Amino acid sequence: MAGPAYDDRDGLIWHNGEMVNWRDAKVHMLTHALHYGSSVFEGERAYNGVIFEGHRHSERLLDSGKAMDIPIPYTAEEIDAAKEEALKASGLSDAYVRAVCWRWSGTDMGVAAAANPVNMAVAVWAWGAYYGDAKFQGAKLDISKWKRPSPETIPCHAKASGLYMICTMS
């Protein structure tokens, strides 16, 4: 059975250096990322209070930002600290950690958005096995009609939100 909607939970989310109430973590509907997919993220697991390969994920987040021309205004060490702060604030030791950076709304609403600020947030929540009981009971798989973009069409090595629509559609 599914838990509460992700916008209606108790807790705190780290947003640009501040812990904000979960339900108050909002994004304006004219945020560039919503319209043009200018967002990169990392999905990580914490076990016994330790984020697995946390620093490598922070570096990959920065690399994805560079590849997608989203200049993330934090160092890998600052991202590590934000994730640790969010994990501690969650009160969880085994959890999912989501760091996301995106172009906010600003003076640009066209495809180009260099003048729009880049925001970062880190949310932490309890999340069991991604595929539920499939690990023990098997899973039904299909072959999608969609293919991942080739490297000469988009920085497909970036963990960019818009690139995941292929998975959603599949």
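Sequential numbering from 1 along the given sequence is applied to the chain's residues. The structure displayed is predicted, hence computed values, not measured ones.
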Check [X] against [Y] and note the closest heavy-atom contact, atom names and distance.
X: R103; Y: P71; answer: NH2-CD, 3.2 Å
X: G54; Y: E44; answer: CA-OE1, 3.6 Å
X: A25; Y: V20; answer: CB-CG2, 4.1 Å
X: I70; Y: S39; answer: CD1-N, 3.6 Å
X: S105; Y: P117; answer: O-CD, 3.8 Å
X: H57; Y: G43; answer: CE1-O, 3.9 Å

Please say whether more than 12 non-hydrogen atoms of neighbouring residues, nucleotides or ligands are located less than 6.0 Å from CZ in R56.
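For R56, atom CZ is not crowded (no more than 12 foreign heavy atoms under 6.0 Å).
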Count the heavy atoms of every other residue, nucleotide or ligand shown that sit under 6.0 Å from CD of E77, and state whether that count exceeds 12.
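Yes, the 6.0 Å shell around CD holds more than 12 heavy atoms from other groups.
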Is the terminal nitrogen or CZ of R98 (NZ for Lys, CZ for Arg) located under 6.0 angstrom from the six-membered ring centre of Y96 and within 45° of that ring's axis?
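No, cation not above the ring by the 6.0 Å, 45° rule.
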Given side chains that start at C-beta, do those of V97 and V122 come closer than 4.5 Å, heavy atoms only?
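In contact.
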Side-chain touch F41/S161, heavy atoms, less than 4.5 angstrom
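Sidechains of S161 and F41: in contact.
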Measure the [atom1]-[atom2] distance between [X] and [Y] for me, rounded to the nearest 0.5 Å.
X: D7; Y: D24; atom1: CG; atom2: CG; answer: 11.5 Å
X: K26; Y: I13; atom1: NZ; atom2: CD1; answer: 9.5 Å
X: L62; Y: I79; atom1: CG; atom2: CD1; answer: 4.0 Å
X: T31; Y: W102; atom1: OG1; atom2: CH2; answer: 8.0 Å
X: E85; Y: L12; atom1: CD; atom2: CG; answer: 9.5 Å

Please determine, by modelled atom types, if H15 and N119 share a side-chain donor-acceptor pair under 3.5 angstrom.
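Side chains of H15 and N119: pair found under 3.5 Å.
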Looking only at side-chain N and O atoms, does N116 offer a donor or acceptor that is under 3.5 Å from a partner on H32?
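Looking only at side-chain atoms, N116 and H32 do not form any donor-acceptor pair under 3.5 Å.
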Starting from [Y], can I reach [X] by hopping between I/L/V/M/F/W/Y residues whose side chains sit under 4.5 Å apart?
X: Y36; Y: V40; value: no
X: M19; Y: M120; value: yes
X: Y47; Y: L92; value: no

Inspect the contact between D8 and R23 and indicate whether a charged nitrogen and a carboxylate oxygen are less than 4.0 angstrom apart.
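D8 and R23: salt-bridged.
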Taking only Lys NZ, Arg NE, NH1 and NH2, and the carboxylate oxygens of Asp or Glu, determine whether E42 and R60 approach each other closer than 4.0 Å.
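A salt bridge links E42 with R60.
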Centroid separation Y6 to W22 less than 6.0 Å
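No.
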Below 3.5 Å, can you tabulate the donor-acceptor pairs from side chains in residues 149-159 to any protein atom, sequence neighbours excluded?
from, atom 1, to, atom 2, distance (Å)
S150, OG, E152, OE2, 2.9
T153, OG1, S150, N, 3.4
T153, OG1, S150, O, 2.7
K159, NZ, Y164, OH, 3.4

Checking R45 side chain against W127 main chain: does a donor-acceptor pair fall under 3.5 Å?
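Looks like yes, one N/O pair under 3.5 Å.
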Under the criterion side chain to side chain donor-acceptor pair (under 3.5 Å), I'd like the reasoning laid out for S93 against N48: C-alpha separation, chi angles, the key distance, then a yes or no.
CA-CA 5 Å; S93 60; N48 297 317; 5.2 Å; no
Check the pair H35, M109 against side chain to side chain contact (heavy atoms under 4.5 Å, CB included), reporting the backbone distance first and the verdict last.
CA-CA 9 Å; H35 294 264; M109 194 49 199; 3.2 Å; yes
Can you tell which of L30, V27, N16, V118 makes a side-chain contact (heavy atoms from CB on, under 4.5 Å) with W104?
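The single option meeting the side-chain contact (heavy atoms from CB on, under 4.5 Å) with W104 is V27.
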Quick one: which of V124, I51, L61 gives a side-chain contact (heavy atoms from CB on, under 4.5 Å) with K83?
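Only one option passes, and that is I51.
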